[in-house]
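In what follows, a structure is listed as structure tokens, so that the remarks can point back to it.
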Amino acid sequence: MRGRHTQMNMFVRLRPISILAAAAMVVVISTAVTVYACQARSDLHPVILVPGSGGNQLEARLTKEYKPSSLWCRLWSQPSWSRLWFNPLVLVEPFTKCFAERMTLYYHPEIDDYRNAPGVETRAPHFGSTESLLCLDPLIKDATAYMEALVTTLHTLGYTEGDTLFGAPYDFRYGLAPQGHPSLTSTQFLHNLKTLIEHASHSNNDKPVIILTHSLGSLFALHLLNRNTPSWRNRYVKHLITLSAPWAGTVQQMLTFASGYTLGVPFVDPLVVRAEQRSSESNLWLLPNPKQFTDRVLVVAKAINMTYSAHNMSMFLRDIGYGEGVVPYERRVVPLISEGLAAPGVPVSCVFGSGVRTAERLVYGGGGFDGGPEEVVYGDGDGTVNMVSLVALEREWEWEGGQSLKMIRVPGVSHTGILKDGGALEVIVREISEINSNFSLASHYHSQLSTD
Ligand SMILES: *[C@@H]1O[C@H](CO)[C@@H](O)[C@H](O)[C@H]1NC(C)=O
Ligand SMILES: *[C@@H]1O[C@H](CO)[C@@H](O)[C@H](O)[C@H]1NC(C)=O
């Protein structure tokens, strides 16, 4: 099972790192040191890491308004901030339900925005630092490692925490809203991210930053750029590097909405977590975009003799029994994804895996949606994101003369494997070094001009 854009997608990492992979890492790191160690630290463009869905810790605090659905949930509650994501207790049956009810979001049509469950306050701890992105549970660090190998690799280039290296964790359950719609939580996140970018630049001799994103974080970063002026972008952002970006959503997400998804953890009932997964606004955002998926059949439902393309998403949501999703999908997601993926003007590099079998069509049999598909047709992708979505910018920006776009395919690398695979880390190191050396050369060039 590969990484997926679900709230529970970190279970994929509950796997020992093989000796071979660890050895490969050492090789990459030592190569990086020999080649790039001559880079003076003061020359570095600061790097800001933006994680994907489920890629940072979340904390919760329960107030008097919290209504536990069982005695277990009442017993498992503290009035102080404690880690909600990730906590291994959620793998144990009565607590899975408590976890799900605390992670569930609610759409309020009257304010046209999402909010937490009553009595549940949440926050993404350590904003500005990479601390909550390294692993999801410090008590089981290795099993829940997320960006640790990537951060270690950046250290070998001379990047240092809080100085040239920063992290931007966020509440990944929330999505962005289109222009003219409120989005309390994510608007605050974009504001904080903008402030962090400015701070990182100001504290590094005004050098513009490199934004390095994984998965969903890439969509937030692109929207941040496009929601600020060209002069702001050029002043503060040197380059955007995206890893495994699901630009046009994934078919995998339809599986999550229809049947729930536990990443192969046998004793978690997918239907217990399905309601919570459906409630996540960012999951709704990552349903396949009709512009790129066009009218290809993504889901077949034999029991009701129906087929669904990305154009039939509202009907799909209704037919799987999630009619509540239709209003927010049509009001917020459709206009957001039709705003398109505008070219931001700053250079973009997309790094993505390929050649990993990825769900492309789900065939449901006579049993309906609850029991999962009777057949999955696979195609090319990174195991989670379909190829058409990974490469979407290439077609979107085909006619954008001024936009620099570099597509870098890393064969055989999965959606989350890209954060620790030796070959992928080497590609990322090369990109970052190149961006930094361009700057050095350019500034050298300019200083020569000014002395002449
Ligand atoms: C299924 O739908 C197709 C076309 O909409 C129709 O031709 C076919 O007869 C239907 N089959 C059943 C069993 O209802
Ligand atoms: C699905 O969408 C297509 C394209 O918009 C449309 O032609 C078709 O009628 C839709 N299917 C159903 C069952 O509504």
Side-chain angles (χ1 to χ4, degrees), residues 4-6 107 109 112 175-181 219 245-261 271 274-275 277-342 358-381 384-399:
R4 271 139 181 162
H5 298 286
T6 63
Y107 177 68
D112 181 27
L176 271 180
Q179 305 290 356
H181 293 256
L219 277 72
W247 298 116
T250 74
V251 173
Q252 173 67 38
Q253 199 62 266
M254 295 178 84
L255 175 64
T256 300
F257 274 88
S259 317
Y261 184 59
L271 298 185
R274 183 178 67 179
Q277 291 168 332
R278 285 174 170 181
S279 79
S280 156
E281 185 185 20
S282 57
N283 279 351
L284 210 54
W285 186 9
L286 292 177
L287 284 168
N289 185 333
K291 186 164 181 205
Q292 286 82 12
F293 282 86
T294 63
D295 51 7
R296 55 180 94 169
V297 172
L298 306 179
V299 170
V300 176
K302 290 181 180 168
I304 50 175
N305 195 24
M306 281 287 295
T307 64
Y308 307 88
S309 74
H311 287 286
N312 310 128
M313 213 51 80
S314 294
M315 192 174 305
F316 171 75
L317 292 172
R318 215 172 281 126
D319 290 351
I320 61 172
Y322 185 52
E324 308 96 280
V326 174
V327 169
Y329 179 76
E330 290 183 350
R331 242 199 227 178
R332 296 166 70 86
V333 175
V334 171
L336 180 66
I337 64 179
S338 5
E339 269 176 21
L341 303 158
T358 306
E360 211 164 79
R361 180 181 292 179
L362 314 169
V363 181
Y364 285 88
F369 292 105
D370 288 0
E374 70 174 19
E375 188 198 346
V376 177
V377 181
Y378 293 94
D380 196 7
T384 301
V385 185
N386 309 90
M387 190 49 66
V388 69
S389 180
L390 291 167
V391 301
L393 294 188
E394 210 168 23
R395 287 183 74 182
E396 285 284 312
W397 298 351
E398 203 173 356
W399 308 110

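Keep in mind that what you see is a predicted model, and the values were worked out from it rather than measured. Indexing begins at 1, ligand by ligand and atom by atom, following the structure's order.
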With distance as the sole test, does Arg332 use its side chain to make a donor-acceptor pair with the main-chain N or O of Asp112 at under 3.5 Å?
yes
Between Arg274 (side chain only) and Ser259 (backbone N and O only), is there a donor and an acceptor less than 3.5 Å apart?
no
protein heavy-atom neighbour closest to atom 14 (O) of ligand 2 works out as Met315 CE, 3.3 Å
N/O donor-acceptor pair under 3.5 Å between Glu281 side chain and Gly175 backbone:
yes
min-distance protein heavy atom vs atom 3 (C) of ligand 2 -> Asn312 ND2, 3.6 Å
Counting from 1 in the order shown, the ligand 2 atoms closer than 4.0 Å to a non-hydrogen atom of Met306 are 13 (C)
protein heavy-atom neighbour closest to atom 4 (C) of ligand 2 works out as His311 CB, 3.7 Å
(request) May I ask you to decide if Pro109's main-chain N or O and Arg331's side chain share a donor-acceptor pair within less than 3.5 Å? (result) yes
Worksheet entry | atom 9 (O) of ligand 2 protein-contacted, heavy-atom criterion under 4.0 angstrom | no
query = Donor-acceptor pair, Ser389 side chain versus Gly249 backbone, under 3.5 Å?
reply = yes
